[in-house]
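Reading through the structure tokens given below for one structure.
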Amino acid sequence: MAFIIKKNIHGKEYYYLNENKRINGKVKTKTLAYLGKIRKEAEKRARDILDKRTVKKEEIKEAPEKKSENRGGEIKNISIEELATFCKRKGFVYQSAEIYGGLSGFWDFGPLGVELKNNIKKEWWSFHVLQREDTVGIDGAIITNPKVWEASGHVANFVDVLIVDKKTKERFKADKFEAEKYKSDPRFEVREEFNPMFITQIGPVASDSIKAYLRPETAQLIFANFKSVYENARLKLPCGIAQIGKSFRNEIAPRDFLFRSREFEQMEIEYFIKKGMSCPYKVPNEEILVYSAGDQIQNKEPRKMKIREALANKIIAKDWHAYWLANEIRWFRQMGANIDNFRIRQHLKEELSHYSSDTWDLEYKFPFGWKELQGIADRGNFDLSQHEKSSGKDLQIFDEETKTKILPEVICEPSLGVERAFLVFMFDSYYYDNERENIILKLNPKLAPVKAAVFPIVKGAKFEKIAEKIIESLKTDWNVVYDKSGSIGRRYSRNDEIGTPFCITIDEESVRNKDVTIRDRDSRKQIRVKITDLRDILRKLIENPGKFEESGKIFRK
Ligand code: GAP
């Protein structure tokens, strides 16, 4: 029997035509077709398909809605646990030192995970540093002079509170503001406050060693080096200093796979302006769910609007904040994330960090709820003035306009966790294709761990020689693999599952005509291209994935 099912995925409705068949006494469901997002059109399409199959129209019935489909649709909603299992099975991420039982809050990245992570960082750096005239990068030390953390307020004010659920015995962290709410609820016990910075010792002999910290954020190294970087790179306000690197926090309750870990990486920019300077850049034309502090206080729902509109209506107070929020959304969109799963949320006054006067978070709808993906804080001149006071060094710069010395302000600090971005790209690209009966990781080719798999269709030295030559010519630019084992179908599905966007196959004709077939992961279409053009074509396909059919002679649709 055939029937239409409606799936609700990330708040959107999708219709599919499914069919139940009894095989060996067991009822098996197969998806016959994806019918689109509009019910009427879906019904029409279903009738057309079934008419062709001469199945009676009366057989079309609607099955009860299923929220999360495990198998049987094109799109698959998966839990964080399922994603963790997939990541382990495919070699993306393992528990750190699993042979010893792992260690809570620490993760090791496998052969595919390290490639994906490196690609995320490379694309972030390219977009935020290399493609901008106003931003340069640094790479600061993980352990630095502990005075940095005294000046920044981390020693005194970076505090987590341990909360214990008396009923379930669950332990979790809250900030000081959240802890107040738990105090009035008898179900919870508000335990001790503690500082999540990891402490270490510099010097081998305990008696004359210095107590130091593993950095809890990369940002402070930007502030501590600000004056030198500003002068060396001959920066002019407004300007940014960026950094990617490890940060460490002794989290009370690391959880949700990579989401909250004790060792993670941050990609941060401190964007400096002269006080009052307006933003010269056009706010990118991005639309998103906006959740202002006012709407949260009044228990209203977030509203979908253009960021430009939010600025014009003073929901976002400052042009710089609107610009950076839209800029970050644009980066995620260009990298293939689904912006329908994103929103921006303003911090309530009580929630603000000790250094910030206004913060907006870019949040993502994780399977465990809306959570912070990236924070974008207005830090003012808190940090530079603290470091001036604490170090006794003049960190002011000369302002040509007023011919006076000024202390710049950080109008925005876009701060993103690499691992949280990693989760977003995995969730948004993870599909189960019922027809192929395998997972397809539809990662943007720029992020894909393996850019191309090369394999001969049939065994034979002459084909293998061509494959090896192709690998040789591509491997200086990209991570490409020579996949020899299993049937062709198995090789395609193995590569679909890890997100390899292109498979290059060699056959009898390749020997005669010196050409190969490129197969596109998502559409399964194939084009035929000359081996001599392969490198240039692959480059174009990775840079511009929408243009597959225009890149060669269509071989198979
Ligand atoms: N310099 C500002 C700062 O560090 P934050 O909101 O504490 O601000 C910024 O952290 C980002 O770092 C977060 O939005 C998140 O993406 C990431 N992050 C923070 N703590 C994390 C943790 N324990 N595990 C994974 N990522 C984390």
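Read the numbers this way: they start at 1 and go in the same order the structure lists the ligands and their atoms. Predicted model, so just to flag it, every value in this text is computed and none were measured.
- Residue-ligand proximity: Arg379 is placed with a non-hydrogen atom under 4.0 Å from ligand 1.
- Nearest protein heavy-atom contact of atom 10 (O) of ligand 1 is Gln266 NE2, 3.4 Å.
- Using a 4.0 Å cut-off between charged nitrogen and carboxylate oxygen, Asp358 and Lys318 do not count as a salt-bridge pair.
- Remark: Arg420 qualifies as a cation-pi partner of Phe259 under the 6.0 Å distance and 45° angle criteria applied to the six-membered ring.
- The protein non-hydrogen atom at the shortest distance from atom 15 (C) of ligand 1 is Arg420 NH1, 3.5 Å.
- A cation-pi contact, defined as under 6.0 Å to the ring centre and within 45° of the axis, is absent between Lys371 and Phe366.
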Do any side-chain atoms of residues 89-96 form donor-acceptor pairs under 3.5 angstrom with protein atoms, and if so which ones, sequence neighbours left out?
from, atom 1, to, atom 2, distance (Å)
Lys90, NZ, Glu497, OE1, 2.8
Ser96, OG, Asp108, OD1, 3.1
Ser96, OG, Asp108, OD2, 3.3

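- Set against the non-hydrogen atoms of Gln374, the atoms of ligand 1 under 4.0 Å away are 14 (O).
- In terms of protein heavy atoms, atom 9 (C) of ligand 1 is closest to Ser415 OG, 3.0 Å.
- Looking only at protein heavy atoms, the nearest one to atom 13 (C) of ligand 1 is Glu372 OE2, 3.2 Å.
- Here the side chains of Trp360 and Ser292 are in contact, with some heavy-atom distance below 4.5 Å.
- Look at Glu217 and Arg379 and you find a salt bridge, because one of the NZ, NE, NH1 or NH2 atoms lies within 4.0 Å of a carboxylate O, short of that distance.
- Pairs engaging residues 275-285 under the side chain to side chain donor-acceptor pair (under 3.5 Å) rule: Asp134-Tyr281 [sequence neighbours left out].
- For a threshold of 3.5 Å applied to N or O pairs, the pair formed by Leu373 and ligand 1 contains at least one separation below that value.
- The one candidate from Glu301, Glu363, Glu286, Glu287 that meets the salt bridge (charged side-chain N to carboxylate O under 4.0 Å, His left out) condition with Arg343 is Glu363.
- Relative orientation of the Phe127 and Trp331 rings is tilted, given thresholds of 30° and 60° on the angle between their planes.
- Heavy atoms of Arg262 found under 4.0 angstrom from ligand 1: none, in either backbone or side chain.
- Counting protein heavy atoms only, atom 25 (C) of ligand 1 is closest to Phe259 O, 3.1 Å.
- An N or O contact shorter than 3.5 Å is missing between Leu258 and ligand 1 by distance.
- Listed by number with element, the atoms of ligand 1 under 4.0 Å from a non-hydrogen atom of Gly375 are 14 (O).
- The ligand atoms of ligand 1 that sit less than 4.0 angstrom from a heavy atom of Glu217 are 1 (N), 2 (C), 3 (C), 4 (O).
- With respect to atom 24 (N) of ligand 1, the closest heavy atom belonging to the protein is Ser261 N, 3.0 Å.
- Residue Tyr355 touches ligand 1 through its side chain alone, judged by heavy-atom distances below 4.0 Å.
- Ionic pairing of Lys117 and Glu265 is present here: one or more N-O contacts between side-chain nitrogen and carboxylate oxygen are shorter than 4.0 angstrom.
- For atom 18 (N) of ligand 1, the closest heavy atom belonging to the protein is Phe264 CE1, 3.5 Å.
- Among all non-hydrogen protein atoms, the one lying nearest atom 19 (C) of ligand 1 is Arg249 NH1, 3.5 Å.
- Heavy-atom contacts of Glu413 reach the following atoms of ligand 1: 1 (N), 2 (C) (cutoff under 4.0 Å).
- Counting only N and O atoms by type, the side chains of Thr359 and Ser356 include a donor and acceptor under 3.5 Å apart.
- Shown are Lys173, Arg260, Arg171; of these, the salt bridge (charged side-chain N to carboxylate O under 4.0 Å, His left out) with Asp160 is made only by Lys173.
- Residue Glu419 does not touch ligand 1, judged by heavy-atom distances below 4.0 Å.
- Listed by atom number, the atoms of ligand 1 under 4.0 Å from Glu268 heavy atoms are 1 (N), 2 (C), 3 (C), 4 (O).
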